[in-house]
Amino acid sequence: MIQVKQESDNLGGVSRLVAIAPSAFRRVRRDYVSGYNYLEVIPTDDVIDIPDSFFTHTVDEKRSVTDDGYMYRVECVGKMVRCPQNEEIADRLQRGQWMVLSVDSLGGGRLFGEKEQLLFFESDSSTGTAAGDSSRISFNFTGELPKRGVDLRPFTSDYI
């Protein structure tokens, strides 16, 4: 019998999304001794960190079969506080295509996209429906990719 591993401390949850422009991406380095992958980027303004302020960030990666083989539909969804600075960031994100790093609350990371296969950013703004609601920008990064995301475990932010 094969048994699926179950971890009681595997609470998961996305703590932040990081948009990486192709110009800032250096490489994913594989350490064959430890078996881990490490992300290396050039620290510039082309790396945009989006923390999960509303506890709403999610990442879905769905595999489908096409005539050319497998494709992976990736959708990274979240919300950020609506303010002039974040509206400028959202406008900038809409003008480009991005690799997206998802960092979970357990310290793991997963990188979606490659220099030739990138994700698109879309957003909309809301003032909320009640007086207690906060103004927010809802967004998503989406794309069809030929490969699954790359695991970066344990994730360290040394190269970001």
Side-chain angles (χ1 to χ4, degrees), residues 12-64 68-127 134-160:
V14 177
S15 62
R16 69 189 219 210
L17 295 170
V18 181
I20 303 167
S23 60
F25 176 75
R26 182 173 287 156
R27 67 180 174 156
V28 173
R29 179 177 53 85
R30 175 84 173 160
D31 183 338
Y32 290 97
V33 174
S34 69
Y36 295 129
N37 295 313
Y38 294 94
L39 174 65
E40 295 181 9
V41 298
I42 301 165
T44 68
D45 289 342
D46 291 336
V47 178
I48 300 172
D49 186 6
I50 308 169
D52 189 2
S53 304
F54 293 96
F55 305 104
T56 58
H57 287 9
T58 61
V59 175
D60 290 314
E61 181 180 37
K62 297 178 183 170
R63 183 176 86 163
S64 62
D68 298 325
Y70 295 118
M71 289 297 286
Y72 296 88
R73 171 95 177 134
V74 175
E75 185 172 30
C76 306
V77 177
K79 295 179 182 173
M80 61 178 122
V81 174
R82 185 173 170 220
C83 65
Q85 176 182 342
N86 289 349
E87 287 178 340
E88 287 178 24
I89 291 171
D91 288 343
R92 181 172 178 209
L93 288 165
Q94 285 178 337
R95 289 191 300 268
Q97 296 178 358
W98 306 87
M99 299 172 78
V100 175
L101 170 65
S102 166
V103 179
D104 67 33
S105 55
L106 297 173
R110 194 162 175 90
L111 180 66
F112 299 97
E114 299 176 344
K115 281 191 171 188
E116 302 81 27
Q117 301 286 328
L118 301 166
L119 302 177
F120 294 94
F121 179 87
E122 297 173 326
S123 70
D124 57 78
S125 298
S126 173
T127 58
S134 58
S135 294
R136 63 191 170 278
I137 299 171
S138 301
F139 66 87
N140 62 47
F141 292 92
T142 56
E144 297 270 338
L145 305 173
K147 296 180 184 176
R148 295 186 66 158
V150 176
D151 281 325
L152 305 166
R153 299 190 188 277
F155 175 74
T156 61
S157 59
D158 296 343
Y159 297 104
I160 293 184

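In this chain, residues are counted from 1 in sequence order. Since the structure is predicted, the reported quantities are computational estimates derived from the model, not experimental observations.
- The list of side-chain hydrogen bond (donor to acceptor under 3.5 Å, both in side chains) pairs with a residue in residues 139-151, not counting sequence neighbours, reads Arg110-Asp151, Glu114-Lys147.
- Between Gln117 and Val74, every side-chain heavy-atom pair lies at or beyond the 4.5 Å cut-off.
- Of all heavy-atom pairs spanning Leu17 and Val77, the tightest one is CD1-O, 4.3 Å.
- Taking all atoms of both residues into account, the shortest heavy-atom contact from Val47 to Val18 is CG1-CG1, 3.6 Å.
- Not counting sequence neighbours, the partners of Arg27 by the salt bridge (charged side-chain N to carboxylate O under 4.0 Å, His left out) test are Glu40.
- Annotation: side chain to side chain contact (heavy atoms under 4.5 Å, CB included) contacts of Leu118 (sequence neighbours excluded): Pro22, Gln97, Met99.
- Separating the CG atom in Leu93 from the CD atom in Glu122 is a distance of 12.0 Å, to the nearest 0.5 Å.
- Remark: Phe121 engages Phe139, Phe141 in a ring-ring contact (aromatic ring centres under 6.0 Å, His included) (not counting sequence neighbours).
- When the shell of 6.0 Å around CZ of Phe54 is examined, it contains more than 12 heavy atoms from other residues, nucleotides or ligands.
- With sequence neighbours excluded, no residue satisfies side-chain hydrogen bond (donor to acceptor under 3.5 Å, both in side chains) with Ser15.
- Scanning all heavy atoms of the two residues, the minimum distance from Met80 to Ala90 falls at CE-CB, 4.5 Å.
- Every residue two or more places apart in sequence or in another chain was checked for a side chain to side chain contact (heavy atoms under 4.5 Å, CB included) with Glu88, and none qualifies.
- Taking Ala21 as the reference, Ser23, Asp46, Trp98 meet the side chain to side chain contact (heavy atoms under 4.5 Å, CB included) condition, with sequence neighbours excluded.
- In this structure, the side chain of His57 does not engage the main chain of Val103 through any donor-acceptor pair within 3.5 Å.
- Here the closest heavy-atom approach between residue Phe112 and residue Cys76 is recorded as CD1-SG, 4.3 Å.
- Atom OG of Ser135 is separated from atom CG of Asn86 by 11.5 Å, given to the nearest 0.5 angstrom.
- Here Gln94 pairs with Ser123 under the side-chain hydrogen bond (donor to acceptor under 3.5 Å, both in side chains) rule; sequence neighbours left out.
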Assess whether side chain to side chain contact (heavy atoms under 4.5 Å, CB included) is satisfied between Val100 and Val59, documenting all intermediate values.
-> CA-CA 10 Å; Val100 175; Val59 175; over 6 Å; no
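- Between Ile137 and Val81, the closest heavy-atom pair is CD1-O, 4.2 Å.
- Taken to the nearest 0.5 Å, the CD atom of Glu116 stands 11.5 Å off from the CG atom of Leu145.
- Partners of Glu87 according to the salt bridge (charged side-chain N to carboxylate O under 4.0 Å, His left out) rule, which considers only residues two or more places apart in sequence or in another chain, are Arg82.
- Separating the OG1 atom in Thr58 from the CD atom in Glu75 is a distance of 7.0 Å, to the nearest 0.5 Å.
- Considering only residues two or more places apart in sequence or on other chains, Asp52 meets the salt bridge (charged side-chain N to carboxylate O under 4.0 Å, His left out) condition with none of them.
- If you take OG1 on Thr56 and CZ on Arg136, they are separated by 9.0 Å, rounding to the nearest 0.5 Å.
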For Leu152 and Leu101, run side chain to side chain contact (heavy atoms under 4.5 Å, CB included): C-alpha distance rounded to whole Å, both residues' side-chain angles, the deciding distance at 0.1 Å, then the answer.
-> CA-CA 9 Å; Leu152 305 166; Leu101 170 65; 3.6 Å; yes
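- In terms of the side-chain hydrogen bond (donor to acceptor under 3.5 Å, both in side chains) criterion, residue partners of Arg30 (sequence neighbours excluded) are, by chain and number, Asn37.
- Proximity of a side-chain donor or acceptor of Glu61 to a complementary backbone N or O of Gly149 within less than 3.5 Å is detected.
- Listed by chain and residue number, Arg29, Val33, Ser34, Tyr38 satisfy the side chain to side chain contact (heavy atoms under 4.5 Å, CB included) test with Asp31 (two or more places apart in sequence, or in another chain).
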Check the pair Val14, Asp104 against side chain to side chain contact (heavy atoms under 4.5 Å, CB included), reporting the backbone distance first and the verdict last.
-> CA-CA 4 Å; Val14 177; Asp104 67 33; 5.5 Å; no
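- To the nearest 0.5 angstrom, Thr44 atom OG1 is 10.0 Å from Ile20 atom CD1.
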